[in-house]
Amino acid sequence: MSRGRVGVFVPPANPSVEPELARLFGSRADMYVSRFPVRPGLTLAERLESYNEVLPAMICSFGDLPLDALVMACSGSRYLFAPEEDRARCDKLSGEAGIPFASATLATREALEHIGAQEFVLVSPYQPWLTELAERFWAAAGLHVSRVIPVRAQGGFSPYDVTPNELVEQVEQAGVPSDAVVLFSGTGMSTLPALGPLGAGNDRILLTSNLCSAWWALAHATGQPVTLSRVPHRPVAQGRPS
């Protein structure tokens, strides 16, 4: 399999995109990162708006480096749009760059379509106003959010500060059904370490913003199909070896 090259746009203080995408890409693709400008003094909403505004100009930040795909690893900023505007902007940037481009939200939307999900549980580390926008976004995309589980760090709503242990504890306490599709939104929240504990002994399908972004990027960068699936859990009968 040829090794792909993926350009990734990341918010400046995001601590999770590079380590999680590097792990998910493995030997199949190399990652090249361009970070959004630091804009001191802005509110969260203003910072998210600024990422959308500067993104078209940042397409040139990789210079002449040959890339096979581009990903905007930020979900919160795209929840400011309607889903079709998000898709239209991604299509426009794909045409301008001459290579496939997706936001984390578009990649997630296509991943949900790939597995045939019509309904999911949304796990959100965002401030309440942004969680509400996220729920509206997915409803406008024709998907049913059956439940929202807000996740807090010790100091409040802060995606970058939620630990895997806090994530596991709060999701387990919420009593998620054993066969649910669960979407963990937010590229800055550390999610991969939590997937093992939350997926053990059940039939949940667990998707994250970074997992969906990696799935989309690998498929486009390598030209090879990548399947998202979950092997059904089969409880071991009593008295039989596991």
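Small disclaimer: the values here were computed from a predicted structure and weren't measured. Residue indices begin at 1 and follow the sequence shown.
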Considering all heavy atoms of both residues, which atom of [X] and which atom of [Y] are nearest to each other, and what is their separation?
| X | Y | result |
| --- | --- | --- |
| Cys74 | Leu48 | SG-CD2, 4.3 Å |
| Ala73 | Pro11 | O-CD, 3.5 Å |
| Pro197 | Ala194 | CD-O, 3.3 Å |
| Leu206 | Gly199 | CD1-N, 3.7 Å |
| Ser190 | Pro164 | OG-CG, 3.7 Å |
| Ser75 | Ser209 | OG-OG, 3.2 Å |

Same cluster or not: are [X] and [Y] linked, directly or through other Ile, Leu, Val, Met, Phe, Trp or Tyr residues, by side-chain heavy atoms under 4.5 angstrom apart?
| X | Y | answer |
| --- | --- | --- |
| Tyr160 | Met72 | no |
| Ile115 | Phe184 | yes |
| Ile99 | Leu106 | no |
| Trp129 | Met189 | yes |

How would you list all residue pairs meeting side-chain hydrogen bond (donor to acceptor under 3.5 Å, both in side chains) that involve residues 85-100, not counting sequence neighbours?
-> Arg78-Asp86, Glu85-Arg89, Asp86-Ser103, Asp86-Thr105, Lys92-Glu96
side-chain hydrogen bond (donor to acceptor under 3.5 Å, both in side chains) pairs, two or more places apart, involving residues 9-18 = Asn14-Thr187, Glu18-Arg35
From [X] [atom1] over to [Y] [atom2], what is the distance, rounded to the nearest 0.5 angstrom?
| X | Y | atom1 | atom2 | answer |
| --- | --- | --- | --- | --- |
| Trp216 | Leu211 | CH2 | CG | 15.0 Å |
| Leu143 | Leu183 | CG | CG | 9.5 Å |
| Leu122 | Ser146 | CG | OG | 9.5 Å |
| Leu218 | Arg28 | CG | CZ | 5.0 Å |
| Ser34 | Leu65 | OG | CG | 11.0 Å |
| Ile59 | Leu70 | CD1 | CG | 5.0 Å |

[X] vs [Y] side-chain heavy atoms within contact, under 4.5 Å:
| X | Y | result |
| --- | --- | --- |
| Leu80 | Asn52 | yes |
| Leu207 | Val182 | no |
| Leu44 | Gln127 | yes |
| Phe36 | Leu55 | yes |
| Asp179 | Asn202 | no |
| Arg204 | Val176 | yes |
| Val148 | Thr131 | yes |
| Val38 | Pro40 | yes |

Is a salt bridge present between Arg109 and Glu84, judged by a nitrogen-to-oxygen distance below 4.0 Å?
-> yes
Under the 3.5 angstrom rule, does the side chain of [X] hit a backbone N or O of [Y] as a donor-acceptor pair?
| X | Y | result |
| --- | --- | --- |
| Glu46 | Thr43 | yes |
| Asn165 | Thr163 | no |
| His114 | Glu110 | no |
| Glu119 | Val145 | no |
| Glu20 | Thr191 | yes |

With Ser213, which of Val71, Leu24, Val6, Thr208 fulfils side chain to side chain contact (heavy atoms under 4.5 Å, CB included)?
-> Val71
Residue list, salt bridge (Lys or Arg N to Asp or Glu O under 4.0 Å) with [X], at least two apart or on another chain:
| X | value |
| --- | --- |
| Asp30 | Arg3 |
| Arg136 | Glu132 |
| Glu135 | none |

Donor-acceptor pairs under 3.5 angstrom involving side-chain atoms of residues 149-159: please list them, not counting sequence neighbours.
unit_1, atom_1, unit_2, atom_2, d
Ser158, OG, Asp161, OD2, 2.6

Sequence neighbours excluded, which residues qualify as side-chain contact (heavy atoms from CB on, under 4.5 Å) partners of Pro37?
-> Val54, Met58
Verify side-chain contact (heavy atoms from CB on, under 4.5 Å) between Asp68 and His220, making sure each step is shown before the conclusion.
-> CA-CA 7 Å; Asp68 301 300; His220 287 81; over 6 Å; no
Please check if any side-chain donor atom of Ser77 sits under 3.5 Å from a side-chain acceptor atom of Glu49, or the reverse.
-> no
Are Ser185 and Tyr79 close enough that a side-chain donor and a side-chain acceptor fall under 3.5 Å?
-> yes
For Tyr51, check side chain to side chain donor-acceptor pair (under 3.5 Å) against everything at least two apart and list the hits.
-> none
Residues which pass side chain to side chain donor-acceptor pair (under 3.5 Å) with Gln170, listed by chain and number, not counting sequence neighbours | none
List for me each residue that meets ring-ring contact (aromatic ring centres under 6.0 Å, His included) alongside [X], sequence neighbours excluded, and say none if there are none.
| X | value |
| --- | --- |
| Phe81 | none |
| Phe62 | Phe9 |
| Phe25 | none |

Does Trp138 have its ring centroid less than 6.0 Å away from the ring centroid of His144?
-> no
Hey, mind stepping through Val8 and Tyr32 against side-chain contact (heavy atoms from CB on, under 4.5 Å) and telling me if it holds?
-> CA-CA 6 Å; Val8 184; Tyr32 302 88; over 6 Å; no
